[in-house]
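Here's the structure, in structure tokens; my notes come after.
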Amino acid sequence: MNYQDYDKALHFMIWGQWDDLLVLMVRTRDQFLSKKIETFLHASYYPGHESQMLESHEALLNYIDHAQTTLAYPAFR
């Protein structure tokens with residue numbers, strides 16, 4: 001996986017660059033990252049319950065953190 005994808009996803013989330021996050025969702029090879037971004041963007045664009053948007057936001061941040069930690073310390077797997 002490309003470590004830069006996780007940095008970009010985090011940057012785009014922090015600065016609210018949803019269009020760039022959508023492009024990253026399509027281009028990344030990490031299918032889990034793509035699905036987490038899709039879920040977050042869907043919850044943000046179609047606000048049903050605020051809790052769903054917050055849960056998808058947390059899930060995406062947790063996955064990015066997990067992926068970066070796993071890539072930074074591959075010996076601990």
Side-chain angles (χ1 to χ4, degrees):
M1 298 301 149
N2 190 354
Y3 188 78
Q4 292 176 344
D5 287 350
Y6 307 112
D7 285 339
K8 287 179 184 178
L10 186 59
H11 175 80
F12 297 153
M13 285 184 65
I14 289 171
W15 294 104
Q17 297 172 332
W18 308 137
D19 293 340
D20 293 328
L21 196 58
L22 179 66
V23 171
L24 179 63
M25 178 188 82
V26 173
R27 291 185 178 173
T28 188
R29 293 176 144 187
D30 185 344
Q31 294 300 314
F32 290 113
L33 178 60
S34 179
K35 187 62 178 176
K36 297 284 185 187
I37 292 171
E38 178 186 5
T39 303
F40 170 67
L41 290 175
H42 185 271
S44 298
Y45 189 73
Y46 298 107
H49 298 288
E50 186 176 341
S51 62
Q52 289 176 341
M53 195 273 297
L54 293 174
E55 286 174 17
S56 64
H57 183 265
E58 273 302 307
L60 179 54
L61 286 176
N62 286 337
Y63 180 72
I64 291 170
D65 182 51
H66 169 74
Q68 287 179 329
T69 303
T70 303
L71 287 173
Y73 304 107
F76 292 118
R77 285 198 214 168

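Quick note: numbers below take in every heavy atom, side chains included, and nothing from hydrogens, waters or symmetry partners. We count residues from 1, following the sequence as given.
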Are Asp30 and Asp5 side-chain neighbours, meaning at least one heavy-atom pair lies under 4.5 Å? no
Test of understanding: clusters of I, L, V, M, F, W, Y form through side-chain heavy atoms closer than 4.5 Å, transitively. Do Trp15 and Leu61 belong to the same one? yes
Measure the acute angle between the ring planes of His66 and Tyr63, then classify it against the limits of 30° and 60° as parallel, tilted or perpendicular. tilted
With sequence neighbours excluded, tell me which residues meet ring-ring contact (aromatic ring centres under 6.0 Å, His included) with Tyr46. His42
Roughly how far apart are Asp65 CG and Leu10 CG, rounded to 0.5 Å? 9.0 Å
Do Thr39 and Leu60 touch side chain to side chain, with heavy atoms closer than 4.5 Å? no
Any side-chain heavy-atom pair of Leu22 and Ile37 under 4.5 Å: no
With a cut-off of 6.0 Å (strictly less than), are more than 12 heavy atoms of other residues, nucleotides or ligands near CD of Gln4? no
Measuring from His11:NE2 to Leu21:CG, what's the distance to the nearest 0.5 Å? 11.0 Å
Supply the atom-to-atom distance Met53 CE to Glu58 CD, rounded to the nearest 0.5 angstrom. 10.5 Å
Give every residue pair that meets the salt bridge (Lys or Arg N to Asp or Glu O under 4.0 Å) criterion with at least one member in residues 31-47, sequence neighbours excluded. Lys35-Glu38
Are Val23 and Tyr3 in one and the same hydrophobic cluster, where Ile, Leu, Val, Met, Phe, Trp and Tyr link if side-chain heavy atoms are under 4.5 Å apart? no
Between atom CD1 of Ile64 and atom CZ of Phe32, what is the distance when rounded to the nearest 0.5 Å? 15.0 Å
Could you state the interatomic distance from CG (Leu41) to CE (Met13), rounded to the nearest 0.5 Å? 9.0 Å
Distance from Arg27 atom CZ to Lys8 atom NZ, nearest 0.5 Å? 8.0 Å
Under the rule for side chain to side chain donor-acceptor pair (under 3.5 Å), what residues qualify as partners of Asp7, not counting sequence neighbours? Gln68
Chi angles and distances behind the side-chain contact (heavy atoms from CB on, under 4.5 Å) call for Phe40, Tyr45: CA-CA 9 Å; Phe40 170 67; Tyr45 189 73; over 6 Å; no
Any side-chain heavy-atom pair from Asp19 and Phe12 closer than 4.5 angstrom? no
